[in-house]
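Read the structure below first, then the notes.
Atoms considered below: every heavy atom in the structure, side chains included; atoms not considered: hydrogens, waters and symmetry mates. Labels below follow one simple rule: chain letters A, B, ... track the order of the sequence lines, proteins then strands, and each chain is numbered from 1.
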Protein chains: 2
Amino acid sequence: MKKSLLQQFEDHLRSQNLRLTDQRKLIVNSFARKKGHVSAEDLYRHIHKTTPSIGAATVYRTLKLLADAGLASGKNFGDGYVRFECCLQRSAHHDHLICTRCGKIVEFSNSTIEKLQETVARDHGFLITDHSLDIYGVCQDCSVKQ
Amino acid sequence: MKKSLLQQFEDHLRSQNLRLTDQRKLIVNSFARKKGHVSAEDLYRHIHKTTPSIGAATVYRTLKLLADAGLASGKNFGDGYVRFECCLQRSAHHDHLICTRCGKIVEFSNSTIEKLQETVARDHGFLITDHSLDIYGVCQDCSVKQ
DNA sequence: AATGAAATTGAAATTCGTTGTCAATAAGAA
DNA sequence: TTCTTATTGACAACGAATTTCAATTTCATT
């Protein structure tokens with residue numbers, strides 16, 4: 001039985017002597033429900049509709065906490081703000097296909113590409129710590145529409 | 001005989017009925033000399049040392065113009081500001097190895113990876129318009145030092 | 001339950017890269 | 001040289017993100 005994002009977050013908070021607040025519970029659950037590629041602003045606006053008492057700063061802070069805990073990671077697709085994605089299944093690194101028309105983001109992973117990256121890095125004397133592959137294009141829905 | 005960046009920029013300005021100013025000449029030449037991965041701030045600070053009369057806004061504007069002309073492209077490595085690189089040899093797309101210790105950026109290209117990206121995109125119904133592959137790691141110099 | 005030290009909160013101020021505004025200046029065609 | 005129009009530099013304004021700070025809340029300890 002796998003632990004939920006909130007449960008893992010609670011573990012992290014406890015281990016760091018940080019406190020579990022109602023705001024954090026709500027934010028983490030909203031984030032988990034949205035699953036994937038949400039900016040802090042997005043999440044704040046969504047939460048604000050039903051719980052306007054929660055401030056934007058708290059949303060920013062909580063997402064940062066999640067990232068510190070290794071439970072989320074921020075990614076910059078170059079459009080001005082950072083999108084966060086939940087990373088519970090840490091093992092499966094993935095990359096992104098981004099539709100430049102509708103903004104849809106599709107995840108994929110390709111082990112051959114990963115291996116080639118290792119090779120490239122080694123050839124240049126680099127020890128890889130991370131990588132990010134973003135493919136921009138037009139998705140099927142959008143190319144059909146127009 | 002290949003045209004210099006400035007020459008191509010002049011062509012672009014003429015074709016758009018834009019004007020060639022001393023500031024633009026100086027900025028474009030400084031940029032060309034720096035060749036690669038310079039932020040507007042970097043370039044402004046560098047220019048400011050010898051020509052303090054040139055304002056930051058003009059540097060930003062000129063880099064944007066270069067990008068509009070297809071002679072430079074901006075890239076966000078996620079550290080808060082956009083770095084520009086000259087793209088005269090448009091055909092040779094390249095990717096980046098970034099050292100997270102010293103900030104060094106090394107370019108590379110790998111046609112097998114490119115082809116695999118095409119395949120991935122096709123499999124997901126995407127028509128690729130662009131892509132960006134950044135490999136983060138520690139370069140040889142830095143791993144030796146520590 | 002009550003206490004109290006320390007973490008957390010929301011609102012507002014602040015940062016930082018970048019872009020807009022605007023009056024003064026300069027380019028370049030006529 | 002003239003005149004239209006683009007360009008300039010200084011500064012204000014922007015937006016995402018972070019910091020500040022007094023008020024509030026958590027939670028280990030009574």
Task: N/O donor-acceptor pair, side chain A:Arg61 with base D:dT18, under 3.5 angstrom - done: no
Open item on the list: Regarding B:Ser39, tell me which of base, sugar-phosphate or nothing describes its non-hydrogen contacts under 4.0 Å with the strands shown.
Closed with: nothing
TODO: Say whether, by atom type as modelled, one donor and one acceptor occur between the side chain of A:Thr51 and the main chain of A:Ile54 under 3.5 angstrom.
DONE: no
- [ ] Find the distance A:Leu66:CG to D:dA17:P and express it as a whole number of Å.
- [x] 15 Å
Open item on the list: As a test of reading the structure: which of D:dT18, C:dT19, C:dA27 is closest to the side chain of A:Lys64, going by heavy atoms?
Closed with: D:dT18
Task: Ring centroid separation B:His94 to B:His96 under 6.0 Å - done: yes
Task: Interatomic distance where CG belongs to B:Asp68 and C1' belongs to C:dT19 [whole Å] - done: 14 Å
Task: Of the listed nucleotides C:dT8, C:dG28, C:dG17, the one nearest the side chain of B:Arg19 - done: C:dG28
Task: B:Arg45 CZ - C:dT18 P separation (whole Å) - done: 11 Å
Task: Atom pair distance, as rounded to whole Å: CZ in B:Arg24 and C1' in D:dT8 - done: 9 Å
Task: Whole-Å distance separating the CG atom of B:Asn17 from the P atom of D:dT4 - done: 17 Å
Task: Nucleotide nearest B:Gln23 (side chain, heavy atoms from C-beta), chosen from D:dA16, D:dT8, C:dT18 - done: D:dT8
Open item on the list: Need to verify one output field. Residue with the more 5' nearest nucleotide on DNA chain C, A:Ile54 or B:Gly80?
Closed with: A:Ile54
Open item on the list: Just the rounded figure in Å: distance from C1' of D:dT8 to CG of B:Leu18.
Closed with: 14 Å
Task: Rounded interatomic separation in angstrom, taking OH from B:Tyr60 and C1' from C:dG20 - done: 14 Å
Open item on the list: I want to check something: taking the side chain as every heavy atom from C-beta on, are A:Gln117 and B:Ile113 in contact at a cut-off of under 4.5 Å?
Closed with: yes
TODO: Examine distances only and state if a side-chain atom of B:Thr100 and a backbone atom of B:Tyr136 form a donor-acceptor pair shorter than 3.5 Å.
DONE: no
Open item on the list: Assuming nearest nucleotide by heavy-atom distance, tell me which of A:Leu13 and B:Ala57 is located more 5' along DNA chain C.
Closed with: A:Leu13
- [ ] Whole angstrom is fine here: how far is it from CG in B:Asp42 over to C1' in C:dG17?
- [x] 12 Å
Task: Pair A:Asp134 + A:Lys75, salt bridge at N-O below 4.0 Å - done: yes
Task: 5′-ward residue of the pair B:Pro52/B:Leu20 relative to DNA chain D - done: B:Leu20
Open item on the list: Using the side-chain heavy atoms of A:Thr21, tell me which of these nucleotides is nearest: D:dA10, D:dT8, D:dT26.
Closed with: D:dT26
